Amino acid sequence: MAFQFEKPPGFDFTPGQSVDLTLLNPPETDSEGNIRTFSIASAPFEDQLRFATRMRDTAFKRSLKKVPLGTVVKMDSAMGSFTLHKNSAKPAVFLAGGIGITPFSSIVRQADHDRAPHRLYLFYSNRRPEDAPFFEVLQNLEKTNPNFRFIATMTEMSGSKETWNGETGRINREMLSKYLNDLRGPIYYIAGPPAMVSLMRKMLVASGVDEDDIRTDEFAGY
Ligand SMILES: Cc1cc2nc3c(=O)[nH]c(=O)nc-3n(C[C@H](O)[C@H](O)[C@H](O)COP(=O)(O)OP(=O)(O)OC[C@H]3O[C@@H](n4cnc5c(N)ncnc54)[C@H](O)[C@@H]3O)c2cc1C
């Protein structure tokens, strides 16, 4: 589910950053409290701030879903260094697991808007196409930005009602090699649940990628 907020005047952020969002006087709360960290899924050029989250049965998310339009929330300044590197001669390879797409959604939208010279490869892993947030937007960005490749893969098509002609199975060395000339050279960014991030990091290191070229954003709580 995605949530849109009016962008406070003067609020600044770099694509890929996150914020701490606090619910003020929520209808209910539990021991995990009223604060969650969310990556900003919209890009700085957009008028609104957008967040997307996998809805689960927690007091925070039940409250977020229930509160009326126009509800005021508290938001701290944007934080984090999970942002695109400066040297555009080095391609960026993004590995997203499910809702881990949010920081990349911001980065690729802004790169498209700025006509950024970086070559960007987004590998996006989901169980089924119907589970994949922002899928169509990302597909369309591939059409408008010649520097952007979007490679989606599905890991559980047996549970899907849709037809799928793209990649299947987890992101692995063979899949990366199919789209990248050389696995060594790009800067890699991994975002998703901690288990996925750890698995992808191990796979990259075993494939000869330098640890210094790997950046990660772990979505703790999944
Ligand atoms: C930098 C960053 C960016 C994020 N961006 C997003 C985003 O864009 N979208 C999104 O949906 N989520 C994002 N998350 C995760 C988000 O903050 C929540 O943790 C997640 O949505 C789960 O919230 P919940 O209310 O469903 O479960 P919770 O009530 O938070 O908890 C679920 C389970 O996880 C455990 N848990 C909670 N926090 C931690 C922790 N820090 N370490 C270990 N276990 C924990 C709890 O004990 C519980 O068992 C991000 C996290 C980080 C750190």
Side-chain angles (χ1 to χ4, degrees), residues 1-8 11-44 46 48-67 71 73-85 92 94-111 122-128 130-138 141 150 152 155 187-201 214-222:
M1 192 158 178
F3 297 87
Q4 301 223 126
F5 292 90
E6 200 179 298
K7 186 152 68 173
F11 180 82
D12 236 359
F13 71 102
T14 307
Q17 286 192 307
S18 54
V19 294
D20 280 346
L21 210 71
T22 307
L23 294 179
L24 308 166
N25 307 313
E28 57 171 323
T29 186
D30 63 16
S31 59
E32 296 295 331
N34 298 344
I35 308 175
R36 293 292 184 282
T37 306
F38 291 119
S39 303
I40 305 170
S42 51
E46 296 178 80
Q48 295 195 310
L49 290 175
R50 191 178 317 109
F51 303 97
T53 186
R54 203 163 280 296
M55 293 312 279
R56 297 208 307 198
D57 202 16
T58 67
F60 182 96
K61 290 183 178 174
R62 282 195 299 272
S63 300
L64 190 59
K65 196 173 169 185
K66 224 169 355 194
V67 293
T71 293
V73 297
K74 176 170 171 271
M75 199 181 67
D76 293 336
S77 342
M79 59 192 175
S81 53
F82 197 69
T83 55
L84 190 59
H85 57 275
F94 306 129
L95 309 184
I99 196 63
I101 195 66
T102 47
F104 303 132
S105 156
S106 180
I107 294 172
V108 300
R109 281 171 213 254
Q110 189 68 34
L122 173 57
F123 291 83
Y124 187 20
S125 178
N126 282 277
R127 292 195 175 92
R128 311 171 306 162
E130 45 271 62
D131 297 330
F134 303 126
F135 185 78
E136 274 173 33
V137 177
L138 295 165
L141 284 174
F150 178 51
T155 58
I187 306 290
Y188 291 83
Y189 299 78
I190 316 170
M196 177 267 175
V197 172
S198 155
L199 208 71
M200 290 296 111
R201 176 191 277 281
I214 305 174
R215 303 176 187 184
T216 60
D217 224 8
E218 285 191 10
F219 284 17
Y222 285 115

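Bear in mind the structure is a predicted one, so any value in this text is a computation, not a measurement. Each ligand, and each atom within it, is numbered from 1 in the order the structure gives.
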Side chain to side chain contact (heavy atoms under 4.5 Å, CB included), paired with F150, selected from L122, L141, V108: L122
More than 12 heavy atoms of other residues, nucleotides or ligands under 6.0 Å from CD of Q4: yes or no? yes
On a heavy-atom basis, I'd like to know which of K61, R56, E32 is closest to atom 23 (O) of ligand 1. K61
Considering only protein heavy atoms, determine whether one is less than 4.0 Å from atom 49 (O) of ligand 1. no
Students often mix this up, so state it plainly: with edges at 30° and 60°, are the rings of F82 and Y189 parallel, tilted or perpendicular? perpendicular
May I ask which of D20, V19, T37 has a heavy atom nearer to atom 4 (C) of ligand 1 than the others do? T37
Would you say A220 and ligand 1 have an N/O pair spaced under 3.5 Å apart? yes
Within 6.0 Å of CD in E136, more than 12 heavy atoms from elsewhere: no
Quick one: which ligand 1 atoms are inside 4.0 Å of a heavy atom on E218? 52 (C), 53 (C)
Show which atoms of ligand 1 fall inside a sub-4.0 Å distance from at least one heavy-atom site of A52. 7 (C), 8 (O), 9 (N), 10 (C), 11 (O)
Would one find more than 12 heavy atoms of other residues, nucleotides or ligands at under 6.0 Å from atom NZ of K65? no
Are any of the N/O atoms on S39, whether in the backbone or the side chain, positioned under 3.5 angstrom from an N/O atom of ligand 1? yes
Within a 6.0 Å radius of atom CZ on R128, are there more than 12 heavy atoms belonging to other residues, nucleotides or ligands? yes
Find out whether the Lys NZ or Arg CZ of R109 is both under 6.0 angstrom from the six-membered ring centre of F134 and within 45° of the ring's axis. yes
Examine F219 against ligand 1 and note whether any of their N/O atoms are separated by less than 3.5 Å. no
Which of the numbered atoms in ligand 1 are under 4.0 angstrom from any heavy atom belonging to S18? 1 (C)
Distance (rounded to the nearest 0.5 Å) between K74 NZ and L23 CG: 11.5 Å
Check: Y222 N/O within less than 3.5 Å of ligand 1 N/O: yes
Only heavy atoms of R54, strictly under 4.0 Å: list the atoms of ligand 1 that pass. 11 (O)
Rounded distance [0.5 Å steps], CZ in R215 versus NE2 in H85: 7.0 Å
Hey, is T53 touching ligand 1 through its side chain, its backbone, both or neither, going by heavy atoms under 4.0 Å? both
May I ask whether M55 has any heavy atom positioned less than 4.0 angstrom from an atom of ligand 1? no
Which residue and heavy atom of the protein sit nearest atom 34 (O) of ligand 1, plus the separation: G221 CA, 3.3 Å
Just which atoms of ligand 1 are under 4.0 Å from any heavy atom in F38? 5 (N), 6 (C), 7 (C), 9 (N), 10 (C), 11 (O), 12 (N), 13 (C)
Audit row: F3, T53, side-chain contact (heavy atoms from CB on, under 4.5 Å) steps and yes/no: CA-CA 8 Å; F3 297 87; T53 186; 3.9 Å; yes
For ligand 1, which atoms sit closer than 4.0 Å to a heavy atom of D217? 1 (C)
Please determine whether side-chain contact (heavy atoms from CB on, under 4.5 Å) holds for the pair S125 and T155, giving the CA-CA distance in whole Å, both sets of side-chain angles, and the decisive distance to 0.1 Å. CA-CA 7 Å; S125 178; T155 58; 3.8 Å; yes
Write out the residue and atom name of the closest protein heavy atom to atom 29 (O) of ligand 1, then the distance separating them to 0.1 Å. R36 NH2, 3.0 Å
Interfacing atoms of ligand 1 (cut-off 4.0 Å, heavy-atom, T102): 7 (C), 8 (O)
